[in-house]
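Heads up, the thing below is written out as structure tokens.
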Amino acid sequence: RVYARLGFIELSPYKIAHELFGHLKPGDKVAIVGRFVSRDANRLQNSTKSGQIVSELESRGIRARLVTGGPMQDFCFLKSAHKELVGSSMSSYVKWAAYLGNVKVARFYSVDSPRKGKAQNVTKLVDEFNQFYTHSELKSRMKLEVYEE
């Protein structure tokens, strides 16, 4: 598919819960914001990716919820994060919320996959990320993580 070659590949709900958020402990809280979350919240919980992520997190004892709103509300919610902001390295919403907000740590993740093709070289992505964040405060707050599909 075209979206995969352009780099828009997401982790599975299991990997999100057990790898991306593997550092969380039972009782920790997670709020999920996303392009399809409002739509997903109105459907049967386990029939959507958002619902599956919530289920996987809850199976680990993590308190997860879907945040529903429009694009502006979603951005404001992301920008108001204090402790940690996690999102795809392809998401301009997450990047701008991290830049403009006061979050302690912003974790951008990328998925390494053979479906991406040569245009989305992970080594190149890491090098560009490290060169882009030269300001000491941004460099200390912004992290890039790469996960296998």
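Just so you know, these numbers come straight off a predicted model, no measurement behind them. Counting from 1, the numbers follow the sequence of the chain as shown.
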Contacts of S80 that satisfy side-chain contact (heavy atoms from CB on, under 4.5 Å) - sequence neighbours left out | none
Taking the side chain as C-beta and beyond, is there a heavy-atom pair between [X] and [Y] under 4.5 Å?
| X | Y | result |
| --- | --- | --- |
| L144 | S89 | yes |
| K29 | L24 | no |
| E145 | F108 | no |
| E58 | R65 | no |
| F75 | L100 | yes |
| L85 | V105 | no |

Taking atom types as modelled and ignoring hydrogens, do the side chains of Y109 and E19 form a donor-acceptor contact shorter than 3.5 angstrom?
-> no
Residues which pass side-chain hydrogen bond (donor to acceptor under 3.5 Å, both in side chains) with Y93, listed by chain and number, not counting sequence neighbours | none
State which residues pass side-chain hydrogen bond (donor to acceptor under 3.5 Å, both in side chains) with H82; sequence neighbours excluded, sorted by chain then number.
-> none
List the atom of [X], the atom of [Y], and the distance in Å for their closest heavy-atom pair.
| X | Y | result |
| --- | --- | --- |
| L11 | K49 | O-NZ, 2.8 Å |
| Q52 | P13 | OE1-CG, 3.5 Å |
| A17 | E56 | CB-CB, 3.4 Å |
| I32 | L57 | CD1-CD1, 4.1 Å |

Audit row: L20, R107, side chain to side chain contact (heavy atoms under 4.5 Å, CB included) steps and yes/no = CA-CA 9 Å; L20 187 63; R107 296 172 48 219; 3.7 Å; yes
Carboxylate-amine/guanidinium proximity below 4.0 Å for K104 and E84 = no
Heavy-atom donor-acceptor pair, R141 side chain to S136 backbone, under 3.5 Å | no
Quick one: does S91's side chain have a donor or acceptor within less than 3.5 Å of a partner on S88's backbone?
-> no
Euclidean distance, [Y] [atom2] relative to [X] [atom1], rounded to 0.5 Å:
| X | Y | atom1 | atom2 | answer |
| --- | --- | --- | --- | --- |
| I62 | K25 | CD1 | NZ | 10.0 Å |
| F21 | D28 | CZ | CG | 11.0 Å |
| E137 | S140 | CD | OG | 6.0 Å |

Only one of V54, V33, I53 clears side chain to side chain contact (heavy atoms under 4.5 Å, CB included) with L66; which?
-> V54
Above 12 or not: heavy atoms from other molecules or residues under 6.0 Å from NZ of K79?
-> no
Answer yes or no: does atom OH of Y14 have more than 12 heavy-atom neighbours from other residues, nucleotides or ligands under 6.0 Å?
-> no
Verdict with supporting geometry, V103 and L78, side chain to side chain contact (heavy atoms under 4.5 Å, CB included) = CA-CA 9 Å; V103 69; L78 292 171; over 6 Å; no
